[in-house]
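Note sheet for the following structure.
What you are looking at is a predicted structure, and each value in this text was computed from that prediction instead of being measured. In listed order, ligands and their atoms are each counted from 1.
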Amino acid sequence: MFSTRLDRERLADLGAAAAERLLRAGVDLVALSFVDNSGISRVKAVPAGKLASVAAWGVGASNSFDFFLATDSIASGAHSLGPVGDLRLHPDLDALTVLAAQPGWAWAPAWRYDQDGRAHPQDSRALTAAAVGQLAERGLSVRAAFELEWVVTDPDEVPVPGPAYGYARLSRHHDYLRKLVSALDSQRAEVEQIHPEYAAGQFELSVAAADPVRAADLAVLTKETVRRVSEACGLRASFTPKFQPGGVGNGGHVHLSLWHGDQPLCSAGNGPFQLTPAGEAFGAGILRRLPALLAVGAPSVISYLRLTPHHWAGVFTAWGCENRETQLRLIRGAAGQRSTAANWEVKCFDLTANPYLVLAGLIFAGLAGIDAEERLPPPIDVDPGSLSPDEAAAAGVVRLPTSLPDSIAAFEADDVLPKAFGEELGTTLLDVRRAEAAELGALPDAELCRVMRWLH
Ligand code: GLU
Ligand code: MG
């Protein structure tokens, strides 16, 4: 549970109890991680026996991490202290997890505080918690899940063979997939589905929906588990949006359902496809802000190589029911299950994004839609990329930003997001994006793919 102030005594007690449990279970090291603005998980590790003191007092981490690019260059910016200053990483002990594929290790996502115990304004996990708090003020909650796609290669970086969605690719890697699901299962990440995807060597995995902070934690944990199990099986896993120029990319689709208590708001209403007014307004708020949200959910120069029409990546400002070419897809599920299955899927995001910022941004956008009682335009039930210019104009369908600088401009111009992210985080996010655009923007596609292939 996030709190703006640390209760050090209570945390020390909880840390001591956790240390005892871990040591009894043969765990002697704990990785504390957070995700930076460039979407990379950064980490410090501590001996399990030190958890009482670490929970209460944290572990040092430089302020400069907020300015890291995915390439490890460091951006400058209005809020940068350069090499000066220190933050403290505090493990969230509620999320402490013994790692199945990394024997002797546990993991906990960290909150970041300053040395006086004040929450760090650039803590993306705290931003998600704040967004959840704003939902709760209106009696609402969101359940969310990230869908992971990745390319598996042999050690020479050649994608593993087998046809798209092909049984042959699954049977050849049956042991790998089983080890992966078993590791996730023992880490309380409930796998819903796993399958070979369209692109060469590509697989996809989805986990059960959870509250937003937990859903983002699961995105981090699942990714690191895929990476570890792949390596243990003599394989490599790449989550890059585009493994090589051309072809289909790796998405990081996000699913969200809106609730009022146990009443589902994405179904059981009288709106289009049985949306309730709040469920519709939440989707409308997201739809309207997806060009700006692209700076959060498709945050890398390489993200825009993936965002091309007819690749199921959702590159038009349109929504549709079960339409895999719209950026916002309403999923209803099978008749009979719709009350709990219906959800919004955002298709245009990828796994170079910081999942905490993604969920915070989507919730802020959806809430703005609810507060303004926004309505959805008519749904699109064809591939929006196949509309003539006149048809697209009549339906209000336009292409999403096609480059990082364009989505940065959309974020800056947005009426809700910069304010909701706060001055420090909102500004630094764009400082990092601009620095990545400057460093990587002119690379030829093949070189960009090579540079980014193993970073996220
Ligand atoms: N690989 C596609 C993407 O880049 C998504 C395919 C699917 O709909 O699962 O987003
Ligand atoms: Mg997929």
Side-chain angles (χ1 to χ4, degrees), residues 39 144-153 159-160 162-166 169-170 173 177 180 191-209 219 222-223 226 237-256 286 290 293-294 296-333 341 343-353 355 358 362 380-385 399-402 407 445 448-449 452-453 456:
F146 285 83
E147 216 176 277
L148 266 65
E149 292 183 336
W150 73 100
V151 168
V152 178
T153 78
V160 299
Y165 305 98
R169 200 188 296 166
L170 179 145
H173 294 285
L177 298 175
L180 181 53
V191 173
E192 297 233 303
Q193 202 189 108
I194 188 161
H195 64 267
E197 254 286 349
Y198 190 90
Q202 195 178 36
F203 287 90
E204 174 182 320
L205 184 145
S206 32
V207 295
T222 308
K223 216 168 157 188
V226 168
S238 171
F239 298 95
T240 183
K242 205 75 164 180
F243 187 83
Q244 52 205 0
V248 167
N250 287 323
H253 305 180
V254 187
H255 297 259
L256 306 120
I286 290 174
L290 274 173
L293 283 165
L294 225 50
V296 181
S300 306
V301 174
I302 195 169
S303 299
Y304 298 82
L305 292 190
R306 167 179 166 261
L307 290 175
T308 51
H310 318 305
H311 285 66
W312 291 11
V315 301
F316 293 95
T317 58
W319 77 282
C321 181
E322 299 297 2
N323 187 340
R324 288 184 167 79
E325 278 293 335
T326 52
Q327 56 177 188
L328 186 63
R329 168 188 175 205
L330 179 67
I331 296 178
R332 298 184 78 196
N343 67 86
W344 287 113
E345 179 186 30
V346 178
K347 290 189 68 76
C348 46
F349 293 172
D350 65 63
L351 297 173
T352 63
V358 163
L362 288 169
I380 301 295
D381 59 7
V382 295
D383 178 348
R399 182 84 188 262
L400 280 172
T402 54
S407 65
D445 291 356
L448 181 61
C449 290
M452 299 302 292
R453 198 165 283 155
H456 289 88

### Task
Would you name the N/O/S atom of Glu197 that lies closest to the Mg ion (ligand 2)?
OE2
### Query
N/O to N/O below 3.5 Å, does that happen between His311 and ligand 1?
no
### Task
Given side-chain contact (heavy atoms from CB on, under 4.5 Å), test Trp150 with Thr240 step by step and report yes or no.
CA-CA 7 Å; Trp150 73 100; Thr240 183; over 6 Å; no
### Message
Please list, in number order, the atoms of ligand 1 under 4.0 Å from a heavy atom of Glu197.
### Response
6 (C), 7 (C), 9 (O)
### Query
Side chain of Lys223, backbone of Leu351: donor and acceptor closer than 3.5 Å?
yes
### Sub-4.0 Å atoms of ligand 1 with respect to non-hydrogen atoms of His253
3 (C), 5 (C), 7 (C), 8 (O), 9 (O), 10 (O)
### Task
Give yes or no for whether the N/O distance cutoff of 3.5 Å, strictly under, is met between Arg324 and ligand 1.
no
#### Entry: Identity and separation of the nearest protein heavy atom to atom 8 (O) of ligand 1
Lys347 NZ, 3.0 Å
### Query
Looking at atom 1 (N) of ligand 1, what's its closest protein heavy atom, distance included?
Glu149 OE1, 2.7 Å
### Check: Phe316 and Gln327 side chains under 4.5 Å, non-hydrogen atoms
no
### Query
N/O of Arg306 under 3.5 Å from N/O of ligand 1, yes or no?
yes
### Query
Against heavy atoms of Val248, which atoms of ligand 1 measure under 4.0 Å?
1 (N)
### Query
Less than 4.5 Å apart, any side-chain heavy atom of Gln202 and any of Arg169?
yes
### Message
With carbon and hydrogen excluded and only N/O/S kept, which atom of Glu149 is nearest the Mg ion (ligand 2)?
### Response
OE2
### Query
Can you tell if the side chain of Thr153 reaches within under 4.5 Å of the side chain of Ser238, non-hydrogen atoms only?
no
### Message
Tell me which N, O or S atom from Glu204 is the closest to the Mg ion (ligand 2).
### Response
OE1
### Task
Indicate if the distance from the Mg ion (ligand 2) to the nearest N, O or S atom of Glu147 falls below 2.8 Å.
no
### Message
Using the rule given for side-chain contact (heavy atoms from CB on, under 4.5 Å), can you reason through Leu307 versus Cys348, listing the C-alpha separation, both sets of side-chain angles and the distance that settles it, and then say yes or no?
### Response
CA-CA 7 Å; Leu307 290 175; Cys348 46; 4.1 Å; yes
### Message
For a side-chain contact (heavy atoms from CB on, under 4.5 Å) check, start with the C-alpha distance between Cys321 and Asp381, then their side-chain angles and the critical distance, and finish with the verdict.
### Response
CA-CA 7 Å; Cys321 181; Asp381 59 7; over 6 Å; no
### Message
Determine whether Leu290 and Phe349 satisfy the following criterion, side-chain contact (heavy atoms from CB on, under 4.5 Å), listing intermediate values before the conclusion.
### Response
CA-CA 10 Å; Leu290 274 173; Phe349 293 172; 3.8 Å; yes
### Message
Closer than 4.0 Å to some heavy atom of Glu204 - which atoms of ligand 1 meet that?
### Response
9 (O)
### Message
Do Leu328 and Val346 make a side-chain contact, defined as non-hydrogen atoms from C-beta onward lying under 4.5 Å apart?
### Response
yes
### Task
Decide whether an N or O pair under 3.5 Å exists between Gly249 and ligand 1.
yes
